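Since the structure comes first, as structure tokens, the remarks are kept for the end.
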Amino acid sequence: MTVWRPPSEIRVKALGLPWRGRRLLVAEVYADDGRLKGVRPLGGSVAFGERADAALVREYREELGLTVQVLGAPLVMENLYTHEGSPGHEVLFLFPVALPPGPLDTQESIVFHEDCGTACVARWYDLEELDRDGGPELYPVGLKARLLAEGRPYSDA
């Protein structure tokens, strides 16, 4: 298992929100002891001079080998958090996206690799399963409430 800590700088990230009915595709986040802590939308850092939507398309292509379609304007959130005692700070652009038909239509979980080589797992989670006692948290904290407040978190699928 790889130990990860947030960098000591503000990071700008572009994350995708692909839905399958009421279920969102998210990557699992583990504590150092191997326990599932929570889940987080897939995506990654925005490079200098790169638009956030272009960074999101690039990240999905690099991590999953898929070209996603950005469906609209992002939710923007500032995320100040602590992971295993280390503080992190991010500005997040969370875009609604559509996955291409075919590759993930029936898969319940996907193994992918970060650019550093770390293996990760993404799964489809019903939004109602998240942020509940005994269930994983949805990161960033407050995202579930924002999605529900928007009134349009689900696809028609």
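This one's a predicted model, so the numbers in the text were calculated from it and none came from an experiment. Sequence positions, counted from 1, serve as the residue numbers for this chain.
Contacts classified as side-chain hydrogen bond (donor to acceptor under 3.5 Å, both in side chains) and involving residues 66-80 (residues at least two apart or in different chains) are given here: E78-H89, N79-E90.
Judged purely by atom type and a 3.5 angstrom limit, W124 uses its side chain to pair as donor or acceptor with the backbone of Q107.
A pairwise comparison of heavy atoms in P41 and G16 identifies CB-O, 3.3 Å as the closest pair. The shortest non-hydrogen separation linking R22 to W19 is O-CZ3, 3.7 Å. When every heavy atom of S109 is checked against every heavy atom of V121, the shortest pair comes out as CB-CG1, 4.3 Å. The shortest non-hydrogen separation linking A27 to L42 is N-CD1, 3.4 Å.
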Exercise for the section: Check the pair L25 / R123 against side-chain contact (heavy atoms from CB on, under 4.5 Å), numbers first and verdict last. Expected result: CA-CA 6 Å; L25 183 64; R123 295 184 202 284; 5.7 Å; no
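Counting heavy atoms from C-beta outward, F93 and V12 have side chains that approach closer than 4.5 Å. When side chains are defined from C-beta on, K13 does not count as touching V91, because their heavy atoms never get closer than 4.5 Å. In this structure the side chain of P18 reaches within 4.5 angstrom of the side chain of L24, judged on heavy atoms. Looking at L64 and I110, their side chains come closer than 4.5 Å, going by heavy atoms from C-beta outward. Counting only heavy atoms from C-beta outward, the side chains of V46 and E59 never approach each other to under 4.5 Å.
Rounding to the nearest 0.5 Å places CG of L92 at 5.5 Å from CG of L15. Between the CZ atom of F95 and the OH atom of Y60 there is a distance of 12.0 Å, given to the nearest 0.5 Å.
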Could you tabulate the donor-acceptor pairs under 3.5 Å formed by side-chain atoms of residues 134-148, not counting sequence neighbours?
{"from": "K144", "atom 1": "NZ", "to": "L127", "atom 2": "O", "distance (Å)": "3.3"}
{"from": "K144", "atom 1": "NZ", "to": "L130", "atom 2": "O", "distance (Å)": "2.8"}
{"from": "R146", "atom 1": "NH1", "to": "V76", "atom 2": "O", "distance (Å)": "3.3"}

Sequence neighbours left out, cut at 3.5 Å: what donor-acceptor pairs do the side chains of residues 47-57 make with other protein atoms?
{"from": "E50", "atom 1": "OE1", "to": "A47", "atom 2": "N", "distance (Å)": "2.9"}
{"from": "E50", "atom 1": "OE1", "to": "R58", "atom 2": "NH2", "distance (Å)": "2.9"}
{"from": "E50", "atom 1": "OE2", "to": "R58", "atom 2": "NE", "distance (Å)": "2.8"}
{"from": "R51", "atom 1": "NE", "to": "D53", "atom 2": "OD1", "distance (Å)": "3.4"}

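Residues satisfying the salt bridge (charged side-chain N to carboxylate O under 4.0 Å, His left out) criterion with E108, sequence neighbours excluded, are R20, R23. Residues meeting the salt bridge (charged side-chain N to carboxylate O under 4.0 Å, His left out) test with E129, sequence neighbours left out: none. Applying the salt bridge (charged side-chain N to carboxylate O under 4.0 Å, His left out) test to R61 and every residue at least two apart in sequence or in another chain returns nothing.
Counted by atom type alone, E28 and Y30 present one or more donor-acceptor pairs between their side chains at under 3.5 Å.
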